[in-house]
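Data block below; observations after.
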Amino acid sequence: MTPEQILRDALRDAAVALGAPADFQPQLERPRDPSFGDWASNAAMLLARHLKRKPLEIAQDLVTRLDVAKAGVSEAYVAGAGFINFRLAAGAEARGLVDILAGGSTFGRSNEGEQRVVNVEFVSANPTGPLHVGHGRQAAIGDAISTLLEWTGWKVTREFYYNDAGVQIANLARSVQARVRELTTGVAEIPEGGYHGEYIREIARDYVAAHPGDAAGSDLEAIRAFAVSALRHEQDKDLQAFGVKFDVYYLESSLYTDGKVEETVRMLVEGGHAFEKDGALWLRTTDYGDDKDRVMRKSDGTYTYFLPDVAYHLVKWRRGFTRAINVQGADHHSTVTRVRAGVQALGMGIPQGYPEYELHQMVTVMRAGEEVKISKRAGSYVTVRDLIDEVGRDAVRYFLLMRKSDSQLVFDVDVARAQSEENPVYYIQMAHARVCGIFRVGEIDATAITGLNVGWGALVEDDERELVKALLGFPALVTAAARTLSPHLVASYLLETARLVHTWYHKHHVLGEPEPILSARLALARAAQLVLANGLSILGISAPERM
RNA sequence: GCGCCAGUAGCUCAGUUGGAUAGAGCGGCAGCCUUCUAAGCUGUAGGUCGGGGGUUCGAUUCCCUCCUGGCGCGCCA
């Protein structure tokens with residue numbers, strides 16, 4: 001048992017003896033300020049109301065009844081409004097480092113998901129242009145969430161949904177067609193709602209080169225297929241440069257060719273949730289909390305985007321994904337209610353919160369002190385590729401992950417580039433590299449360190465005890481981040497842990513120290529190396545051994 | 001007008017079921033390299049946690065209200 005578990009049990013027993021409910025669960029936390037001890041509990045405050053006594057008195061009674069010698073407690077005392085603080089003897093917690101050393105690259109993993117399956121859909125950009133920085137945020141978040149779920153025992157399928165059907169694709173095809181004709185006529189008539197980017201011109205040139213018989217651009221279907229293929233290829237290259245891999249690419253068009261859309265309509269109509277009005281077919285989404293009903297088949301016979309979305313999630317469910325997470329931009333938040341409504345209306349007993357949505361706020365790109373307007377149609381935006389080329393994959397990943405999804409993100413390209421030597425990701429990587437340097441210079445095989453014969457009591461410095469606590473907290477951090485789908489917690493944790501590593505490294509030497517300090521510090525260095533590398537890998541960031 | 005998200009140091013942002021003296025990076029100031037990487041460390045300055053109410057032993061955290069910003073409110077996606 002860890003000291004934490006022993007303390008919790010002892011607190012519960014003492015509290016029950018004082019009259020607390022038998023199911024009382026005392027909470028232990030790491031005090032922000034190390035001067036408040038290694039562990040602290042607010043149990044007395046929580047019991048104050050139930051016992052109708054002052055927190056301070058209860059705390060005092062609890063302390064006198066506690067049997068915590070087993071946990072290595074050197075001191076237990078009451079402080080503040082009724083906190084009980086525990087200070088542990090040197091080495092009492094450091095003993096736990098053997099778990100890190102034994103766990104190695106798997107330390108921090110758990111099996112909370114019990115190998116259940118989950119589908120994580122992200123990026124899902126229309127193949128109408130290169131991936132911009134907003135897609136980059138989705139890629140970074142989606143990939144990190146997927147990894148977090150894998151670390152906590154879920155079987156994850158990373159999925160990319162291609163909206164390769166519908167109005168936007170038609171606009172794309174006609175835009176390319178216009179550029180093809182421009183090559184011979186010199187006049188470009190970009191259609192209403194069309195795309196103006198320079199890449200459209202390039203696709204047009206490539207199309208003509210590949211289809212010399214259609215210099216007039218009369219075969220719109222061929223142009224469409226060519227353009228979609230070209231852009232998918234470009235997006236694949238962007239994702240490859242970013243280091244993101246998908247297990248499944250699902251094509252919206254297949255929902256039509258496989259009859260899934262028709263089947264979905266049939267199910268909704270038969271379920272009695274659809275009605276005709278103004279020549280269109282509507283779904284009564286107000287039955288499921290929407291503020292107005294939604295059209296699913298327009299009066300011209302085509303479908304609105306949301307019907308294939310419902311069909312898609314029907315397919316996801318049937319594929320066995322009892323859990324599905326969609327990572328999308330906040331500009332899609334109106335779809336949440338209606339897609340869920342559609343899924344509910346299918347009457348298949350799919351849970352109400354299906355699918356889950358992880359919406360992230362918008363990314364603003366600053367360049368030269370001015371906001372870069374992101375507009376694919378106007379052809380002005382910053383692509384994922386641009387950012388990777390300018391500041392590197394690791395820095396882009398970290399910057400896009402360091403903020404919680406709910407925060408708007410300002411990505412200042414100039415700052416990211418100019419400060420690339422002093423930004424957080426390098427700080428974290430440097431901490432890892434410095435620790436690696438110890439083993440390299442000392443010519444020590446770090447992988448052979450087990451900690452089994454280490455005298456942990458040698459780790460007496462405050463700096464190393466703080467580091468030990470942080471490292472041991474990694475598994476709980478991973479679990480919390482996975483539960484709340486919050487990769488930014490990992491980013492914050494790594495920054496704080498790197499700070500502790502740098503401080504410790506700077507103040508206390510390892511090589512050349514006498515035993516038992518040498519062995520204990522080598523074990524601590526190895527543990528730090530493993531935790532930093534594991535945390536970085538969750539975010540998809542490399543952990544270089546030297547910089 | 002309605003809905004969702006946010007407002008914390010000069011800037012960009014963390015803050016884990018409500019906890020003790022609210023933190024980090026960058027920027028500012030003052031220091032530290034014959035010792036495992038100075039891409040580092042130490043110290044210091046900088047805050048009415050948007051304003052105002054409420055809930056309680058205790059509120060940056062929960063509730064109400066107002067202000068400001070972003071996003072959405074389509075037979076677009």
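Predicted, not measured: the structure shown is a model, and the values here were computed from it. So you know, we letter chains A, B, ... as the sequences are listed, proteins then strands, and number each from 1.
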Determine: side-chain N/O of [X] to OP1/OP2 of [N], distance under 4.0 Å, yes or no.
X	N	result
A:K298	B:C76	yes
A:T503	B:U42	yes
A:R499	B:C41	no
A:K277	B:C75	no
A:Y427	B:C41	yes
A:H488	B:G15	yes
A:S407	B:A14	yes

Find the distance [X]:[atom1] to [N]:[atom2] and express it as a whole number of Å.
X	N	atom1	atom2	result
A:M430	B:G25	CE	C1'	17 Å
A:K507	B:C33	NZ	P	17 Å
A:L51	B:C57	CG	C1'	14 Å
A:Y398	B:A14	OH	P	11 Å
A:L46	B:G19	CG	C1'	10 Å
A:L409	B:G69	CG	C1'	16 Å
A:L522	B:C36	CG	P	15 Å
A:L56	B:G58	CG	C1'	13 Å

Suppose we call a contact any N or O donor and acceptor under 3.5 Å apart; does that hold for the side chain of [X] and the base of [N]?
X	N	value
A:D331	B:G72	no
A:Q408	B:G69	yes
A:H333	B:G72	no
A:N85	B:A20	yes
A:S299	B:C75	yes

Looking only at atom [atom1], what distance separates [N] and [M], rounded to whole Å?
N	M	atom1	result
B:G52	B:G40	C1'	46 Å
B:G47	B:U37	P	40 Å
B:U60	B:C76	P	48 Å
B:G70	B:A24	C1'	25 Å
B:C62	B:U17	C1'	12 Å
B:A9	B:C4	C1'	29 Å
B:U42	B:G51	C1'	39 Å
B:A6	B:C49	C1'	14 Å

In terms of side-chain heavy atoms, does [X] have a donor or acceptor partner in [Y] at a distance below 3.5 Å?
X	Y	result
A:E358	A:S405	yes
A:Q529	A:R526	yes
A:D293	A:T286	yes
A:Q429	A:D394	yes

Considering only [options], which nucleotide approaches the side chain of [X] most closely?
X	options	value
A:T304	B:A77, B:A20, B:C36	B:A77
A:V167	B:A77, B:A20, B:C73	B:A77
A:L495	B:G25, B:A20, B:U37	B:G25
A:M362	B:A77, B:G19, B:C71	B:C71

Which part of the nucleic acid does [X] contact within heavy-atom distance under 4.0 Å: base, sugar-phosphate only, or nothing?
X	answer
A:Q27	base
A:Y505	base
A:D278	base
A:D406	sugar-phosphate
A:K54	nothing
A:V510	base
A:H360	nothing
A:A480	nothing
A:R440	base
A:A476	nothing
A:A330	sugar-phosphate
A:G166	nothing
A:L489	sugar-phosphate

- Item | The single option from A:E356, A:H313, A:Q138 passing side chain to side chain donor-acceptor pair (under 3.5 Å) against A:N326 | A:H313
- Where the chi angle of B:C32 falls, syn if within 90° of 0 and anti if not: anti
By centroid distance (under 5.5 Å) and plane angle (under 30°), are [X] and [N] in a stacked arrangement?
X	N	answer
A:F83	B:A20	yes
A:F36	B:A20	yes
A:H502	B:C41	no

- Message: Parallel, tilted or perpendicular: which one describes the rings of A:Y162 and A:Y249, with boundaries at 30° and 60°?
- Response: parallel
- Spatial distance of atom CG (A:L231) from atom CG (A:D164) [nearest 0.5 Å]: 12.0 Å
- Message: Determine whether the aromatic ring centres of residues A:F474 and A:Y493 are separated by less than 6.0 angstrom.
- Response: yes
- Check against side-chain hydrogen bond (donor to acceptor under 3.5 Å, both in side chains), A:Y305 and A:Q168: CA-CA 10 Å; A:Y305 76 95; A:Q168 299 305 328; over 6 Å; no
- Given Watson-Crick or G-U pairs with both distances under 3.5 Å, what dot-bracket string fits RNA chain B, with | for other-strand pairs and [ ] for crossing? (((((((..((((.....[...)))).(((((.......))))).....(((((..]....))))))))))))....
- Sub-4.5 Å side-chain heavy-atom contact between A:E93 and A:R465: no
- Is there side-chain contact between A:T503 and A:H506, with heavy atoms separated by less than 4.5 Å? no
- Message: Can a donor-acceptor pair be found, under 3.5 Å and without considering hydrogens, that links the side chain of A:R440 to the backbone of A:E545?
- Response: yes
